[in-house]
Structure formats: structure tokens, C-alpha cells
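The chains referred to below are lettered A, B, ... by the order of the sequence lines, with proteins before strands, and numbering in each begins at 1.
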Amino acid sequence: MASAPSKLYSDDVSLVVVLLDANPFFWAAGAGGGNHPAATLPFAKFLDHVIPFLNSLLLMNQLNQVVLIATGINTCGYIYDSGNGGPEGSDNVSEISSEILLRLEEFVCKDRKIGKGTERAMGGSVSSLLSGSLSLALCYVQKVFRSGAIHPQPRILCLQASPDGPEQYVAVMNAIFSAQRSMVPIDSCVVGVQHSAFLQQASYITGGIYLKPPQLDGLFQYLAAVFATDLQSRNFLQLPKPAGVDFRASCFCHKKTIDMGYVCSVCLSIFCQHQRKCSTCGSEFNQAPREPNSASDTIRKA
Amino acid sequence: MHTINKPTKYRISLKEPGIPGVLRMAEERFIFTPHDPRSLLKLDVPFRSIKVHKFSKDGSKQALLNLLHEGGGYIFEFDSFSDRNICRDFVGKILGKLQATCPSKDDKTVPDKTTPAPGEQLSPMEMEHRIKLLRDDSELQRLHKQFVMTAILTESEFWATRKNLLDDTTIKVTKQRTGFKSTMLADIRPSTDGRTNKVTFSLTPEIIHQIFAEKPAVHRAFLDLVPKKMSEKDFWTKYCRAEYLHRTNNSVAAAAEAAEDEELAVFLKHDDILADEIRHKIRRVDPTLDMEADQADDYIHLQDHGLLRDGGKETVDAESELSRRTLSQDLNRHAAVVLEGRAFDVELGDTRTVAEALARSKKGPSLETFDKNESQERLEKACRMTEIEDLRGPHQLPYAPLFIKDPREYFDSQQANALRALGDSNAGFKNTDYNFNLEESYAYLMKQISEAKVTGLNDIVQSDVALKVLNGLNQHLSSTKQHIGKGPFESVLDQLPSRTKDELMIHWSSIQELLRHFWSSYPITTGYLYNKVLRLKEAMTQIYNKLQEIKESVQSDYRHLVSLLVHPMLQALDAAFAHYDSEQQKRTAKGGAMPNGFFK
Ligand SMILES: [Zn+2]
Ligand SMILES: [Zn+2]
């Protein structure tokens, strides 16, 4: 897969950046058995499905490129890049596999080391740094965009296990909008307990596919049947589509779903009642609200 | 004029037998009601849409009356010629009346006649444009026919909402002007007859025009000299003489002749007007472009620079004030003139007129005033572009940094609904009995990786699981396809019989058209708008009833789908009716008198 000087890219040449969730809490939760996804599909098995999938992506088209990024809870990092020729990059399936495993081991060590001292909240639901790995992926894609006029069609595939990290909201949304702007679809395959609101939005906004496979032991097949398809071919296929995203918001003050409310003109926080001061950004609203019955706009600026 | 009722047969075509019924004619419209109440062939046509009427001769085989409209005609067969003639005369009177009020209507050369509203003056070009738009867009044509021809909307109302279509092409109307030929003057070579020493230049009006445009000094000289000092013929003879001297590269002879004849010298000297112009242009070059423009743009001052025209290689006497034009100079000048294009449209022929017209066109916005206007902007631009960052303070824009206390709020505000949509149940996944701490978790993860290393890759696809996944995926696909196709209508509409589908689509676009006009009529401030809304409401009521009919008439298999599709249409209409009623109530509450003094 060394980059030949005479690359002739057609529409169906893909660059797939795969984000692999290596959240220790999530995967360790499988040790308890039961019906936890990580028990049905332990990390070792999970890799058993993912690595052949990466290989099959490379098999689909000689010019396809695969980049693997691991998402930890303290850091993120590149694990494998099929575009790296030379001694490390190899066409041999088992060599690729062992390279990935080796680098993953190094990554987990690094993640642990960085976390030492500055330990984040303990407990079952420490989220992975999705915003970080999304940013790494987008940087990589930008680099490819700048590599020349012809380049493979990039897309991102998130293999997420751990729950969303609400504290990353701003960063994740920025990454999603950045992907949308550079027209990079974000595919999402959620193998965790819950659906991911982040990824659901990410796929919806960027035109990617969102799927939470119900049959985890068949993960490889989901990956191969749904996520292996290049962007060109997707035009001709009927792929799973989400049942629509409910964009109705609930107010920040009472978590009620509302159709009409007040929006902070500075930070876009939503409230069901008029506030004197925005609880999110601290902006003060001096203007008195109009009489409530005259409300005719759906959402009025506070 | 009252109304008449006559028994008749409506014949869709002459080949088919007629449908028996009653033809009722009133001043505004004629109505055909078939005897069979189930028949759908009820007609209600305003006479406005009828162009001409034709009839069979008295005593011929059938007593026919044919009322012709845009796309065809309504043929009625009567039992007797006397009945037919009564109807014929009635129609004749009405059509005569209509044509008298609307004289432009009887122009039959155009298939899609658009009728301007009284008071609206349309130029033939605008008219043609509208007709063309209708012809090109069958949907538009259908709406036009449905609403304008039936007088629900007036011509101007119909087009008022489509101004963009009308504006668009006015630009295209301006006809393209031909520019200068790209052939260079240099290509016009003198011809010799070979025997004598006579040299002939041929100058056409086109060439003269081009000479004036490319050589302002010649142009000025022409205006100054002809016909006060010399005839036009003498002028051009001198010009050709100078050109000839140029060509032969005979600088000595040229210098000698120029010294004797000051008019000839004009043609041999540098073109000072051109030089001025170039200097001005150079001053207007983007200030950030450092090309020492004054020095480099024009090669006049450089020795031995560039090819001399016609391949001459003679070195130039720097002192000579006679011009040595290089090929690149000529090329540049020519290119500039061609790109500028013709500034005016004058019949070529009379040289004097051309010269004067050119002079006038050049008087436009002079370069100096242009310079003044631009200089400030250029200065600012130069400052901006050449700004040296470390010599300046940071741009001080007043802003307050955005401080967001807790981004989690945003997430929570969206997550609940997003996950509810996916039918996520969060229960059942609490395994409390096995809780690792951080270190243990990492260790477990490492163990998993090494396990993967050891076991290697083995059968990951098991046939029973594979089947389950395949079935699951397919089911998922087919079910989502049912609910949402690519567009909201696509999948559902495609399941309907094509007739029902077409009907629904037509009604939908009609409703949209009517609603657009309806809502834009509010608030009602004039009697005109009041009447317009009445008309629109009438038309919407008709469609409303038709939609109900479709709902009832459709096969039971499709009834649910159709009612799903029809529902939003009815809703939109209901909203309009409700608005109409409430406005009406307000009006009556006010006692009938309209604010602007008009009455119902
Ligand atoms: Zn609230
Ligand atoms: Zn705020």
C-alpha cells in the first residue's frame, strides 16, 4: 500500500478513519459477566471483529486507506495508518494485526500514565475523549485534503462503547460542525449500553450512518454490510437510516421539553421562563418580558 | 340578458357519442349538467376562456356548437337547429361583449395568450416572455390555466408572485454588441503591384475605427486637421506614408521627412496621449504590487528591448523622438483596445462622425476624478497590506469573552429527546457486583489485548448469528423505508395508483398557489383585496371538496395513505378558512363599515 507516484483515484477510493473506544472502565465492566455489552463482547473479541474489518476495507480497493485512532479517557492517539509504507506498514494481515495490538498496548499504557495524579472522577461512567479523537481524525483528513488535488474520499467511523461525555459538549459539537463543513461523513457504530446522543447528531448532521447493532456477536457483519460501503456506492444502496432526530430541546432550568421558550442571545441556553440572568453564561437580561399572552414566535430571544 | 337552458349532448370528441344533459348559459359562464348524476363530466366554464365559437350549417347532419378554448373545444350536439341557434346567438353576443372590453383577446396567433389586467400595460416583449415561461413550464401553465383563465386570479396577481421569473430574462434581452476584431493592424500589409514602385494601403471604415481606438494621437490629429487643414484623403495618405517609413525601418528618411512636415511627424512621434494614459494606469495599479511599474510596464525608454515590429533589428537612436514601437507594445495596446470593446454604436462610414463619437465616449468619467475617488481607498489598502504586525498594537475590538459555566447543560437539554426517539431503555445494565477501580480496569484491558494477541483471528462469522444479523438488517431497512423514504412523500406516493397520485400532486400545487395569494392579501385594506380573498376562498372551497371526494372515492387499501397525505393539505386550508372567518367576524363586529371607507 505504499503511495505509488501514479495514484489514480476514482470516486470509490476511501480513506476511513476509525475511532476505537479504549475506555478501560467500559471494557472492564464486562468482567462481571451478565448482560453488559462488554461481557457479550469483551475487548479481545471486539478486536477480533474490528481488525478483520480494517483488513477488508483495504481489500475492497487497492488504493483504500485506513487510519486507526484510539480514544482513551486521558488521551487519544494514532494506532495504525495503512498509508505508512516502509518497514512498519505491511500487506500481511497478521502483521497488520500484531502491529495494531502492539500499538494499542502502548497506547493503553500511555493513557494510564497520563491519568496518574490527575485522576478523573471514579466510577462506572467515565467517558472517553470523543472530542479529542474526532479532532485528530479531522486534522488527518485536512492534511489529506491539502495533499493534492486528487485524494481518497474521507469518512470517519466511530466505534463507541462508553457513554457520552456531556462535559465535552462544546468541543464535540464543534468537531461535528467542522466535519459537516468539510463534508466528511461521520458513521457511528455504538456497542455500548446506551445510544449516543452525540453520535446520533454527528451522523445526522454529516450525513453518515448511525447504528447500534442489537446482535453484538455479529459485529463484523454489521461493519462489513453497513459501514464498509464507500460514499459513492452509498448512493445506490439502501442503508439503515435513523428514525429521525428529535431536535426539540428541554429547558435548562427544569429539563422540560418545550416548544416555546427563551433563548440566551449570547450562549443559546434555553429557558422556559424569563430569567434576569443567564445561568449558563451570566449575561444579564434587563429587558422586561412582554406579556405572556402575546407570544407568537416559537422561540423568542430573551 | 338572462340565462337559457337547453337539452343537449356534450361530445368529448366527434368520434364518441354525446353525453345527454342540460346546457345552461348565463352571462358569465356556461354550465353543462349531465342527466346521469354519477357522471364526472360536469362542465362549468367561464366565457372568458372561450376564444371563438363554431357551428355546423343549418340543415347539415348534426346541429353542433363548438366553443373553442386554448387547448381544444367543447362540442355540444343539439336536437334541433332552432335550439342550437338560440345558444349560438347567445354565445355570439357574449363573446362580442367580452372582446369589446378586452380587445387584445382576439389575437389568435399566440397559443398561450396572456391577458393583461386592465391598467397593466405590457410590452409585446414582456408578453412574449410570459408566454414563453408558460410554454416552458407545464406546471406553471396548468396553474395559469386553472386560476387565471377561470378568473380566480388576475393576470397581474398571478405574475406578481413570480417577479423573479420575469426579471430574470430582461438581462438576456440586451443584444450582444460586436467588439473589435482581434486581428492586429500590423496584419494589414501594404501591397505592391510589382512593376511600379507604387505601394497601396487599403483602409476600410472598420480599420479606421480601429486606428482611432488604438492610436489616440492619430485620432486627435484627425479631429484637429480634417477638414480644416487638409482633406481626409490627404490625411490618410500622410498616415500611410508614415506607416510606410516605419515599416521600412528607414529612420534617417523618417527623421528627415518628419523635420519637414510637422503633420507627418505627428504619426511618427510617440503617442503622448497613450503615454499619459499609461502613466495614469500605472498610478492606479494595486499599491501592494511592487513591480516598479512605471519602469517596467512600458518599454519605450529601454534600448534594444523587445522585437521591433516586422522583425526589424535596427538599434534605436536613443535621442530620436521618433517612436520605435516594439511588437509587444503593439500587442499590449491592441489587446487593451479589444478588451475595452466598442464604447458606442455608430454606423461606420463617415470617418468624421466616427472620430467625434469616439471623442465623446472618451469624455466620460475622466481618469483624474476616478483617481481622486480611489486614492483614499488605495492608501488604506496599502496600509492594511503592508502592515507590520509587531509594530502595531493588537486590534482592539470590544468584546467580552464567552464564559460557559457548564456545557453539560446543553447536552442534557438535547439528550433526553434524542434518546427517546431511539426508544432507548436505559435499564437492566447495572452490574454492581463487579466494580473495578481504575488500575484494575487498565490491567483488565491489557489482559484482553494480550489475549487477542494469543488467540489470533479466528472464525468471526458464525452462520446462525450471520443469519440473524442479515434478517435484522433487512427488516430494519424495509421498515424504515415504509416510514420515511428519501422525501416525505416519495415512498407513500409511489404506492398509490398513478391517477390518484397525479391528482393529489396537482391539488397540492394548486393549494400552495392559492394559499400564497390568500395570505398575502391580509390585512385587507381595500375593496379590491376583499374581493380577491372572496374569489380565493371560493376556489379553495372547491379544492377542499375535491380532496374530500378523493378521500372517499379511493380504494379502501389506500384510504389510510391518502388521508395521511390529504390531512396536511386540509389543515392548511382549514387554517385559511379559520382566518377568513375570524376576520369576517371582526369586520361585522365593527358594524360593517370598513376602516378605509369601503363597504361590503
Ligand atoms: Zn424550565
Ligand atoms: Zn447565556
Side-chain angles (χ1 to χ4, degrees), chain A residues 22 24-25 27-29 31-32 34-36 42-44 47-49 51-52 97-98 101 104-105 108 112 115 119 122 124 164 166-167 169-170 193-195 197 200-201 214-215 217-218 220-222 225-226 238 240-241 243-246 248-250 252 255 257 266-267 269-270 280-282, chain B residues 402-424 426 428-453 455-458 460-462 465-466 468-470 472-473 476-477 480-481 483-484:
Chain A
F25 286 114
W27 293 112
N35 59 355
H36 192 277
F43 195 60
L47 292 176
D48 253 10
H49 288 269
I51 294 172
S97 166
S98 51
L101 292 173
L104 256 181
E105 232 167 20
V108 173
R112 170 158 61 178
E119 268 167 36
M122 283 295 158
D164 285 332
E167 68 284 353
Y169 181 86
V170 177
V193 177
Q194 296 162 299
H195 273 286
Q200 197 197 358
Q201 289 207 44
Q215 197 79 36
D217 46 355
F220 174 79
Q221 205 181 341
Y222 287 108
V226 177
Q238 192 77 40
K241 288 203 173 71
V245 180
D246 187 350
R248 277 179 312 158
S250 40
F252 284 28
K255 316 286 177 214
T257 304
V266 175
C267 71
S269 299
I270 299 163
T280 310
C281 71
Chain B
L402 176 62
F403 171 70
I404 290 174
K405 223 180 280 166
D406 190 356
R408 270 177 292 194
E409 300 256 24
Y410 293 98
F411 181 81
D412 294 341
S413 150
Q414 285 185 333
Q415 186 210 28
N417 285 316
L419 294 188
R420 204 175 301 140
L422 291 170
D424 203 22
N426 203 356
F429 283 122
K430 294 265 182 261
N431 54 351
T432 38
D433 49 335
Y434 220 96
N435 239 339
F436 280 131
N437 68 24
L438 185 62
E439 270 309 307
E440 287 165 335
S441 298
Y442 273 120
Y444 179 80
L445 192 58
M446 293 296 271
K447 209 181 90 200
Q448 285 288 318
I449 295 174
S450 26
E451 196 178 305
K453 267 188 190 169
T455 52
L457 306 168
N458 31 38
I460 43 165
V461 183
Q462 278 137 16
V465 178
K468 263 191 217 161
V469 171
L470 188 68
L473 274 176
H476 181 65
L477 290 182
T480 44
K481 201 182 173 210
H483 294 307
I484 31 154

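The part of A:F220 that comes within reach of chain B is its side chain, from C-beta onward, which places non-hydrogen atoms under 4.5 angstrom from that chain. The parts of A:T280 that come within reach of chain B are both its backbone and its side chain, each placing non-hydrogen atoms under 4.5 angstrom from that chain. Using a 4.5 Å cut-off between heavy atoms, B:V469 contacts chain A through both its backbone and its side chain. Residue B:K468 touches chain A through its side chain alone, counting heavy-atom pairs closer than 4.5 Å.
Without hydrogens or angle criteria, B:Q448 side chain to A:F43 main chain gives a donor-acceptor distance under 3.5 Å. Of the possible polar contacts, none joining the A:T257 side chain to the A:S250 backbone as a donor-acceptor pair under 3.5 Å is found.
To the nearest 0.5 Å, the span separating CD on A:Q215 from CG on B:L470 amounts to 12.0 Å. Between the CG atom in B:L445 and the CG atom in A:L104 there is a gap of 8.0 Å [rounded to 0.5 Å].
With respect to chain A, the highest number of heavy-atom pairs below 4.5 Å among B:S441, B:A466, B:A443, B:S450 belongs to B:S441.
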Show your reasoning for whether side-chain hydrogen bond (donor to acceptor under 3.5 Å, both in side chains) applies to B:Y444 and B:E440.
-> CA-CA 6 Å; B:Y444 179 80; B:E440 287 165 335; over 6 Å; no
